[in-house]
Amino acid sequence: MASSRDGRRVYQCSFCRKGETDSNRLVAGPGRVFICYECVRACKQVIDQNSSSATKRSTVRHRKLPVPRAINDALDGYVVGQEQAKKVLSVAVYNHYKRVWNGAPESDIEIEKTNILLMGPTGSGKTLLAQTLARMLDVPFAIADATSLTESGYVGEDVENILLRLIQAADWDMSRAERGIVYIDEIDKIARKEGPNRSITRDVSGEGVQQELLKIVEGCSANVPPQGGRKHPYQEFLQISTHNILFIGGGAFGGLDEIVERRLARGNGKMGFKSAESWGAERSNGAKGPGDPNAMDYLTAADLLQYGFIPELVGRFPVTTYLDALDESALVRVLTEPKNAIVKQYEQLFSMDNVELSFTPKALEAAAHEAITRASGARGLRSIIEETLLDVMYELPSLKEAERCIVDEECISGRTAPVLLTGTGQCLEFPIEYRRLA
């Protein structure tokens with residue numbers, strides 16, 4: 001394209017319209033098309049970005065996926081017990097990322113996404129399992145609390161905020177975020193509310209949230225507000241595909257085992273893994289009543305519907321598994337065996353002050369017993385150890401002569417203070433008034 005100025009023809013860039021006097025030089029093409037050097041550099045940047053994205057996608061596609069047994073072994077390093085749950089998770093995660101990373105084979109068969117539902121009491125390891133999976137697979141991971149979600153237009157968090165957390169965890173790399181893992185904690189709290197006012201008051205934090213979750217859990221192209229919520233109507237939305245995002249729902253599901261037992265007691269147990277007759281035989285042989293984790297072996301989709309979930313959402317979580325409550329021996333193992341065990345963490349903290357920390361076997365058993373008494377599971381173990389060592393950790397950096405700290409059963413119960421020893425074995429008097437005396 002050209003124009004006239006002072007009787008002389010001045011050529012312009014066909015893209016930015018700058019004349020040749022405003023640019024160093026124009027490159028001419030066929031059909032009197034011109035492009036300036038600035039537009040050439042801009043085109044090169046676009047090509048480089050696309051090439052980088054293509055290379056990244058190719059790298060993700062050809063990543064080596066651990067087999068289920070290797071996934072299970074990795075989980076064993078961080079989670080104590082729960083063998084059946086780890087097996088179910090290993091297979092489900094392997095099948096999911098095999099579909100995502102390797103691409104769909106040339107076939108008319110479309111492999112659908114398999115989301116996972118984890119059920120179990122608090123402190124049984126649900127969140128830790130999901131976190132460990134994401135860390136091992138090196139994919140973005142986000143945790144969302146279902147209790148804070150509400151239906152769009154009501155006070156509270158919108159469902160799309162779940163995806164915003166995942167995008168932030170991926171450092172705003174959309175291609176990585178679209179292959180991440182989202183853990184929806186306390187998902188049992190969005191069950192439909194029963195009661196006399198159910199038909200009068202709109203259930204915006206229960207059934208309303210379930211309806212909002214349907215599309216993103218199954219797979220869709222979602223619009224996510226970058227600042228969260230819909231308080232900024234003029235902001236540009238981020239678009240993310242959820243077809244390859246793995247959703248894991250977790251919750252205690254209190255009372256669900258009683259629903260299963262009542263159904264089995266009525267003899268309607270043919271849809272479960274075992275028959276109602278076998279359940280009756282177990283009960284007559286001394287099986288426990290409500291609260292027995294083994295009752296969840298008979299769980300069916302109908303039980304989740306009666307619990308308060310809509311059929312559409314139940315269908316989008318086809319893989320379900322139950323985590324058993326940890327007993328005292330399992331909690332002792334949680335304190336010492338995992339790679340990031342609580343005792344190992346505090347031993348590392350004390351070693352930074354050149355102090356050797358040790359727990360007697362009775363102290364570990366007392367801590368596990370206290371966690372069971374508080375009904376907090378493995379989650380409560382850290383707070384118990386923290387309470388026991390609080391005063392010691394406050395004074396220890398000032399005691400240069402202390403080289404060993406011994407914690408016994410009496411320290412866990414709060415009757416005595418931990419024992420501080422010098423390098424020669426001399427016992428140091430605790431420097432402050434011990435406030436945890438019973």
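Residue indices begin at 1 and follow the sequence shown.
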Apply side chain to side chain contact (heavy atoms under 4.5 Å, CB included) to Y183 and K126, showing your working. CA-CA 9 Å; Y183 179 73; K126 300 183 294 295; 3.4 Å; yes
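- Considering only heavy atoms from C-beta on, Q306 stays 4.5 Å or farther from L256 through its side chain.
- In this structure the side chain of H96 reaches within 4.5 angstrom of the side chain of K113, judged on heavy atoms.
- In this structure, the separation between CG on L304 and CG on D188 is 10.5 Å, given to the nearest 0.5 Å.
- Put simply, the side chain of E178 reaches to within 4.5 Å of the side chain of I240, judged on heavy atoms.
- Taking both residues in full, the closest heavy atoms of T388 and P418 are given as O-CG, 3.9 Å, listed atom of the first, atom of the second, then distance.
- No donor-acceptor distance shorter than 3.5 angstrom exists from the side chain of E337 to the backbone of V80, with no hydrogens or angles considered.
- No side-chain N or O of S90 forms a donor-acceptor pair with one of R69 less than 3.5 Å apart.
- The pair R382-E386 does not meet the salt-bridge criterion, since no charged nitrogen lies less than 4.0 angstrom from a carboxylate oxygen.
- Counting heavy atoms from C-beta on, the side chains of E258 and E261 never come closer than 4.5 Å.
- Between V260 and T300, every side-chain heavy-atom pair lies at or beyond the 4.5 Å cut-off.
- The side chain to side chain contact (heavy atoms under 4.5 Å, CB included) with Q210 is formed by just one residue from the set V314, V217, I190; it is I190.
- The backbone N or O of A85 sits nowhere less than 3.5 Å from a side-chain atom of Y322 that would complete a donor-acceptor pair.
- Using a distance-only test at 3.5 Å, with no hydrogens or angles considered, a donor-acceptor pair links the side chain of R316 to the main chain of E312.
- E409 has no carboxylate O lying under 4.0 Å from a charged side-chain N of K362, or vice versa, which leaves the two without a salt bridge.
- Within the 3.5 Å criterion, the main-chain N or O of L421 finds no donor-acceptor partner in the side chain of E403.
- From L65, atom CG reaches atom OH of Y97 across 9.5 Å, with rounding to the nearest 0.5 Å.
- Of all heavy-atom pairs spanning G377 and A371, the tightest one is O-CB, 3.7 Å.
- Contact check for M296 versus M119: side-chain heavy atoms found under the 4.5 Å cut-off.
- Without hydrogens or angle criteria, T242 side chain to C220 main chain gives a donor-acceptor distance under 3.5 Å.
- No side-chain N or O of D145 forms a donor-acceptor pair with one of S148 less than 3.5 Å apart.
- A salt bridge between E387 and R374 is present, with a side-chain N of the basic residue lying under 4.0 Å from a carboxylate O of the acidic one.
- Around the NZ atom of K344, the shell of radius 6.0 Å holds more than 12 heavy atoms that belong to other residues, nucleotides or ligands.
- Residues R379 and T122 are in side-chain contact: their nearest non-hydrogen atoms beyond the backbone lie under 4.5 Å apart.
- To the nearest 0.5 Å, the span separating CD1 on I248 from CD1 on I184 amounts to 10.0 Å.
- Residues D353 and P397 approach most closely at OD2-CG, 4.1 Å, considering heavy atoms.
- Nearest heavy atom pair, residue A222 against residue I216, reads CB-CG2, 4.5 Å.
- Nearest heavy atom pair, residue L166 against residue P140, reads CD1-O, 3.7 Å.
- One finds the CG atom of D257 at 9.5 Å from the CZ atom of R262 (value rounded to the nearest 0.5 Å).
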Evaluate the side chain to side chain contact (heavy atoms under 4.5 Å, CB included) criterion for residues L389 and L357: first the C-alpha distance (whole Å), next the side-chain angles of each, then the deciding distance (0.1 Å), finally the verdict. CA-CA 10 Å; L389 298 176; L357 174 65; 4.1 Å; yes
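- Counting only distance, with no hydrogens or angles, the side chain of D171 and the backbone of D173 share no donor-acceptor pair below 3.5 Å.
- Not one N or O on the side chain of K86 forms a donor-acceptor pair closer than 3.5 Å with the backbone of L129.
- By the 4.5 Å heavy-atom criterion applied to side chains, L238 and L163 are not counted as neighbours.
- The two residues T132 and A74 come nearest to each other via the heavy atoms CG2-O, 4.2 Å.
- In this structure a side-chain-to-backbone donor-acceptor pair under 3.5 Å is missing from N161 to L164.
- Between the CZ atom in R176 and the CG atom in D138 there is a gap of 5.5 Å [rounded to 0.5 Å].
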Dump the intermediate steps for side chain to side chain contact (heavy atoms under 4.5 Å, CB included) on R99 and N244, then the final yes or no. CA-CA 9 Å; R99 176 182 69 90; N244 293 328; 3.4 Å; yes
Decide side chain to side chain contact (heavy atoms under 4.5 Å, CB included) for I406 and F359; before the verdict, give the C-alpha distance in whole Å, the side-chain angles of both, and the deciding distance to 0.1 Å. CA-CA 6 Å; I406 301 176; F359 290 81; over 6 Å; no
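- Annotation: the span from S241 atom OG to R179 atom CZ amounts to 9.0 Å, rounded to 0.5 Å.
- Judged purely by atom type and a 3.5 angstrom limit, T336 uses its side chain to pair as donor or acceptor with the backbone of V332.
- Considering D391, V355, L349 in turn, V355 is the only one that fulfils the side chain to side chain contact (heavy atoms under 4.5 Å, CB included) rule with L396.
- A cation-pi contact links R135 to Y78, judged by a cut-off of 6.0 Å to the six-membered ring centre and 45° from its axis.
- Of the possible donor and acceptor atoms, none in the side chain of E356 sits under 3.5 Å from a partner among the backbone N and O of C405.
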